[in-house]
Amino acid sequence: MNKHIYLILFLISFSSLGQQKVFKGDPDRAFKVARELAFNKERKKAQDTLLLILTKYPNYHDIRSFLASTYSWDGDYEKAKKEFTYILKNNPNRLDTWEAAIKNELWSKTPFKALEMSNKALKYFPKNPEILYLKASAEDGLDNPEEALLTIEDILQDHPNHEKTKAYKINLIDKLSLNIIGLKSSVDIYSTVFNPMQFYLIKYVRQTKYGSIHSKVNISRRFESTGAQFEVDMYPRITKGLYAYLNFGISNSFLFPDIRYGAELHKSLPLSLEVSLGFRSLKFSSSTTTIYTGSIGWYTGNNYWSFRTYVTPGDSGASKSVALTYRKYRRDANNYLSAEAGMGISPDEDRFNLSSNATINLNSQKFNLGYYFTSKNEKNLWGIQSGISHQEISFNPGSYFWIYSFSLSWDLKFR
């Protein structure tokens with residue numbers, strides 16, 4: 001039905017709004033027209049029509065409830081609240097109106113009021129799954145995910161196949177899982193010169209209200225030797241849109257720096273952009289290497305692009321490396337496909353190439369693919385990555401070898 005037909009029906013039903021103070025016509029027919037107007041992006045005309053009908057039929061609650069919903073959709077939460085209150089005062093047995101009124105409070109960022117209304121609604125509709133679901137949303141909005149989870153459990157006890165609630169339970173458990181343990185195993189296979197090199201990682205992560213803390217043990221097996229490094233990463237939140245990365249690590253093995261430390265600031269920008277700037281320092285027995293790094297990232301829909309560079313000053317000139325990363329997210333941040341292409345060697349990223357002469361300029365190109373996914377209950381996180389590099393040999397400039405890399409990671413989230 002086009003706009004001209006809407007206008008004809010509007011005129012037939014109401015004559016002239018400018019001349020008519022009280023509605024005269026068929027309210028059901030007029031309500032149908034108003035709904036069609038509202039759903040065809042002519043919300044103001046629809047609201048004028050609904051208000052006019054209510055001058056004659058103030059207790060036509062379906063019309064008043066729909067009017068309130070249009071206000072809520074437009075962000076006019078106070079207007080919506082006024083209309084919902086009128087209806088529920090006169091007829092508190094309207095389930096649809098309770099649901100819409102509670103959603104209006106949630107959308108207006110007033111979860112305490114939404115919780116209060118949910119408890120009132122449950123007196124009329126005990127154990128109703130939709131009202132309980134909204135109650136859990138309000139509890140979650142009040143930073144009480146534990147209470148929200150108990151409410152969700154109440155729903156599933158009586159309605160075990162309530163799909164929306166089952167999905168919300170997984171989300172809450174994930175939110176409440178403040179601890180992570182993880183393992184990672186990697187191998188680099190060289191086309192010549194070196195035997196395969198192995199790398200293992202064991203980690204424990206704790207989420208806090210100030211940010212996350214990652215404690216790690218890195219184990220490297222190469223050059224017929226095995227060494228370990230103990231490391232801590234922290235990601236403190238400074239203010240909205242600004243957080244930091246802090247790092248410190250120690251080792252007594254020649255396979256790692258004696259001491260490493262670093263810091264970086266990350267800042268969110270308009271247009272879904274994020275930039276960062278920081279440094280890494282690696283202290284070896286005879287020297288200290290400082291690496292400067294920066295990045296720019298861009299989120300667009302379910303896609304993420306990141307460009308990062310490392311610059312390592314040295315007596316013979318600066319060593320540089322760049323990498324471009326792409327991620328295609330699926331249902332959340334833990335499920336995605338990744339691809340990375342880069343040139344140059346960074347002593348921070350290419351840890352198997354660490355040496356006290358970390359600023360040597362080597363020609364190198366790499367390409368990696370990764371697939372990351374979670375189990376059905378979101379507690380187990382898996383990652384599979386493979387890559388290929390073409391790299392100049394440090395002790396034989398002009399000669400190259402191929403490096404084939406494979407890694408597998410597993411994280412377990414728990415409360």
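All heavy atoms count here, side chains included; hydrogens, waters and symmetry mates do not. Residue numbers start at 1 and run along the sequence shown.
Interatomic distance, Leu115 CG to Leu106 CG, rounded to the nearest 0.5 Å: 9.5 Å. Atom CD1 of Ile152 is separated from atom OH of Tyr168 by 6.0 Å, given to the nearest 0.5 angstrom. Between the CG atom of Asn334 and the CZ atom of Phe373 there is a distance of 12.0 Å, given to the nearest 0.5 Å. Taken from CD in Glu99 to NZ in Lys103, the straight-line distance is 6.0 Å, to the nearest 0.5 Å.
At least one donor-acceptor pair under 3.5 Å links the side chain of Ser137 to the backbone N or O of Tyr133. Judged purely by atom type and a 3.5 angstrom limit, Trp98 uses its side chain to pair as donor or acceptor with the backbone of Pro92. For Asn40 (side chain) and Glu42 (main-chain N/O), no donor-acceptor pair under 3.5 Å exists by modelled atom type. For the pair Asn144 (side chain) and Glu147 (backbone), a donor-acceptor distance under 3.5 Å is absent. Arg222 contributes no side-chain N or O that, together with a main-chain N or O of Phe199, makes up a donor-acceptor pair within less than 3.5 Å. Panel note: side chain Arg64, backbone Leu54; no donor-acceptor pair is recorded below 3.5 Å. A donor-acceptor pair under 3.5 Å is absent between the side-chain atoms of Thr151 and the main chain of Ala136, judged by distance alone. Asp332 places a side-chain N or O within 3.5 Å of a backbone atom of Asn335 that can act as its donor or acceptor partner. Between the side chain of Ser65 and the backbone N or O of Asp62, no donor-acceptor pair lies under 3.5 Å.
A salt bridge (Lys or Arg N to Asp or Glu O under 4.0 Å) with Asp174 holds for exactly one of Lys169, Arg415, Lys413, Lys379; it is Lys413. Just one residue in the list Ile296, Thr325, Thr293 forms a side-chain contact (heavy atoms from CB on, under 4.5 Å) with Arg308, and that residue is Thr293. The residue from Ser186, Ser220, Ser185 that alone fulfils the side-chain contact (heavy atoms from CB on, under 4.5 Å) condition with Tyr200 is Ser185.
When all heavy atoms of Tyr77 and Ser72 are compared, the pair lying nearest together is CE2-O, 3.5 Å. Of all heavy-atom pairs spanning Leu255 and Gly227, the tightest one is CD1-N, 3.5 Å. The shortest heavy-atom contact between Trp382 and Asn380 is NE1-CB, 3.8 Å. Scanning both residues, His214 and Ser212, for their nearest heavy atoms gives NE2-OG, 3.1 Å. When all heavy atoms of Thr309 and Ser321 are compared, the pair lying nearest together is OG1-O, 3.0 Å. Contact between Ile53 and Phe31 at its shortest, heavy atoms only, is CD1-N, 3.8 Å.
Geometrically, Arg35 engages Phe66 in a cation-pi contact, judged by NZ or CZ lying under 6.0 Å from the ring centre and within 45° of the ring axis.
The pair Lys175-Asp140 meets the salt-bridge criterion, since a charged nitrogen lies less than 4.0 angstrom from a carboxylate oxygen. Salt-bridge formation is detected for the pair Asp48/Lys44: a Lys NZ or Arg NE/NH1/NH2 atom is positioned less than 4.0 Å from an Asp or Glu carboxylate oxygen. Using a cutoff of 4.0 Å between basic side-chain nitrogens and carboxylate oxygens, Glu231 and Lys203 are not scored as salt-bridged.
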Margin query: Under the criterion side-chain contact (heavy atoms from CB on, under 4.5 Å), I'd like the reasoning laid out for Gln207 against Val205: C-alpha separation, chi angles, the key distance, then a yes or no.
Written below: CA-CA 7 Å; Gln207 299 287 342; Val205 181; 4.2 Å; yes
Item checked: Intermediate values then yes/no, side-chain contact (heavy atoms from CB on, under 4.5 Å), Asp74 and Gln47 -> CA-CA 11 Å; Asp74 290 343; Gln47 290 165 351; 3.1 Å; yes
Next item on the list: Could you please spell out the steps behind the side-chain contact (heavy atoms from CB on, under 4.5 Å) verdict for Tyr86 and Asn59?
Entry: CA-CA 9 Å; Tyr86 178 93; Asn59 291 320; 3.0 Å; yes
Note to self: Before you tell me yes or no, could you show the steps for Phe284 and Leu282 under side-chain contact (heavy atoms from CB on, under 4.5 Å), namely the whole-Å CA-CA distance, both residues' side-chain angles and the distance that decides it to 0.1 Å?
What the structure shows: CA-CA 6 Å; Phe284 300 90; Leu282 312 177; 3.8 Å; yes
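Taking the six-membered ring where the residue is Trp, Trp402 and Tyr404 present parallel rings, their angle staying beneath 30° rather than reaching 60°.
When ring centroids are compared, His266 and Tyr235 stay outside the 6.0 Å threshold. Taking the six-membered ring for Trp and the full ring otherwise, Tyr299 and Tyr304 have centroids separated by under 6.0 Å.
The side-chain heavy atoms of His61 and Thr97, taken from C-beta on, include no pair separated by under 4.5 Å. By the 4.5 Å heavy-atom criterion applied to side chains, Pro257 and Gln229 are counted as neighbours. Inter-residue side-chain proximity for Tyr372 and Leu381 is flagged as unmet; no heavy-atom pair is nearer than 4.5 Å. With contacts defined as side-chain heavy-atom distances shorter than 4.5 Å, the pair Trp305/Phe307 does not qualify.
Ser251 and Ser253 share no donor-acceptor pair across their side chains, judged by distance under 3.5 Å alone. In this model, no donor atom of one side chain and acceptor atom of the other lie less than 3.5 Å apart for Arg327 and Ser338. Checking Asn247 against Arg260 by side-chain atom types alone, a donor-acceptor pair falls below 3.5 Å.
Residues meeting the side-chain hydrogen bond (donor to acceptor under 3.5 Å, both in side chains) test with Tyr210, sequence neighbours left out: none.
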